[in-house]
Amino acid sequence: MNIFRFSTLAAAVMAAASAQAGDDVAALLKDADRYRTGQDNLQVETQVSAFKRDGTPDKERRYTVFVQADHKSLVLMRSPAEQGQKVLMLGDDFWLLMPGSQRPLRITPSQKLLGDASTGDIATMSWSQDYRGTLVGEESCAGEKAAVPCLHLNLVAARKGVTYQRIELWIGKARHEPIKADLYVQSDKLAKQASFVFDNPSAPTTVTEMVLLDRLSNHKETRVRYLGRVPKVVPEVWLNPMFLARNPALE
């Protein structure tokens, strides 16, 4: 075999191995996503609780989140302090709709809702669709009750409309459930650290809570609890910002 043919063959093998590795990581991310969503087109009842630095409760809010296919989500704010407000996400575009106003306001996915939970934390729930990943290696990481063997993945944003530019994610080696994540913003600063609580730690099927720790400023804790998930396809007009502005009462 001449050098040219050997080099060509080696390059082909490396390319195939790289593609296989990418496919494997994509499958891992899909597995991890199933613990948070389970499927497209869901209605997720969500409670966000903020805590002071000493751990005492501060504020609490309720949201109904309609997570739809093709990067579409609608968030209805349920608490008295925010009653009637909505957030609509269509791909990379986010709008805030205020009661009494017929003008949708453009916002960013990093805009805060309560504590350190942002609109993107609530409205977007798919690592496999929003990020490209590589496998860093195998590590031991702390689970809910004990250390567990984990796979460490490095995720880089695949589109602009995401809250975090980069994520370091650890998932269980055996079942691929998400254990923890370091969340980095555009400037590559560590913004938050997330950990995940499950319905059954010894045999997890669903994430019931995401715990966010601020790492930029106040170092407070915010808990995002998923109170219920049911299949739900919303009417197409609900995903139109001008319709929402003209029709504040959807239900």
Side-chain angles (χ1 to χ4, degrees), residues 29 32-33 36-37 44 46-53 58-68 70-79 81-82 85-98 101 103-133 153-169 178 180-196 207 209-226 239 241 244:
L29 292 178
D33 278 339
R36 299 196 301 158
T37 57
V44 185
T46 306
Q47 174 182 297
V48 179
S49 304
F51 295 83
K52 298 177 182 178
R53 295 188 70 168
D58 186 9
K59 296 178 182 178
E60 187 175 283
R61 297 286 188 267
R62 291 284 298 270
Y63 305 93
T64 297
V65 184
F66 299 104
V67 182
Q68 304 291 283
D70 301 322
H71 301 108
K72 299 176 182 179
S73 295
L74 174 63
V75 181
L76 307 182
M77 304 187 185
R78 299 300 197 185
S79 298
E82 303 172 324
Q85 297 181 37
K86 305 175 185 68
V87 171
L88 176 64
M89 183 196 86
L90 300 177
D92 295 331
D93 298 317
F94 283 69
W95 287 272
L96 173 65
L97 298 110
M98 302 290 291
S101 172
R103 190 180 185 90
L105 303 174
R106 289 271 192 165
I107 61 172
T108 68
S110 59
Q111 186 152 333
K112 295 292 182 65
L113 288 176
L114 180 71
D116 288 296
S118 67
T119 54
D121 291 323
I122 302 299
T124 59
M125 303 180 73
S126 177
W127 291 315
S128 59
Q129 295 182 35
D130 295 341
Y131 291 87
R132 294 186 299 271
L153 306 177
N154 174 264
L155 311 185
V156 177
R159 60 188 189 87
K160 65 180 182 179
V162 293
T163 311
Y164 308 107
Q165 184 64 26
R166 181 168 69 87
I167 297 176
E168 298 295 323
L169 174 66
K180 64 177 183 176
D182 290 346
L183 310 172
Y184 293 81
V185 291
Q186 189 74 34
S187 60
D188 207 38
K189 290 183 178 179
L190 177 60
K192 305 170 195 174
Q193 290 180 305
S195 58
F196 302 90
V207 171
E209 189 172 41
M210 177 173 64
V211 181
L212 297 170
L213 295 178
D214 173 77
R215 290 303 185 217
L216 280 180
S217 56
N218 58 39
H219 299 280
K220 293 181 180 179
E221 179 181 288
T222 303
R223 289 179 171 263
V224 181
R225 293 186 62 201
Y226 308 109
L239 304 175
L244 294 175

### Query
Is the number of heavy atoms from other residues, nucleotides or ligands under 6.0 Å of R62 CZ greater than 12?
yes
### Over all atoms of both residues, closest heavy-atom pair of A157 and R132
O-NH2, 3.9 Å
### N154-E168 side chain donor-acceptor pair, cut-off 3.5 Å
yes
### side-chain hydrogen bond (donor to acceptor under 3.5 Å, both in side chains) partners for Q193, two or more places apart
D182, R215
### Distance, nearest 0.5 Å, that separates CG of L183 from CG of L212
7.0 Å
### Cationic tip of R36 above W127 ring, under 6.0 Å, 45° of axis
yes
### Task
Please name the pair of heavy atoms, one in A123 and one in V65, separated by the smallest distance, quoted to 0.1 Å.
CA-CG1, 4.5 Å
### Query
Closest approach of L29 and Y131, non-hydrogen atoms and distance?
CD1-O, 4.3 Å
#### Entry: Residue list, salt bridge (charged side-chain N to carboxylate O under 4.0 Å, His left out) with D92, at least two apart or on another chain
R159
### Polar contact flag, side-chain donor to acceptor under 3.5 angstrom, Q186-Y164
no
### Query
Taking D33 for the side chain and S128 for the main chain, is one N or O donor matched with an acceptor at less than 3.5 Å?
yes
### Message
Distance alone, cut at 3.5 Å: any donor-acceptor contact between the side chains of R78 and T64?
### Response
yes
### Message
Would you say CZ of R106 has more than 12 non-hydrogen atoms from neighbouring residues, nucleotides or ligands within 6.0 angstrom?
### Response
yes
### Summary
Scanning both residues in full, the closest heavy-atom pair of S118 with P109 reads OG-O, 3.3 Å
### Query
Can you list the steps and then say if Q47 with Y226 is a side-chain contact (heavy atoms from CB on, under 4.5 Å)?
CA-CA 7 Å; Q47 174 182 297; Y226 308 109; over 6 Å; no
#### Entry: Spacing of CG belonging to L190 relative to CZ belonging to R166, to within rounding of 0.5 Å
8.5 Å
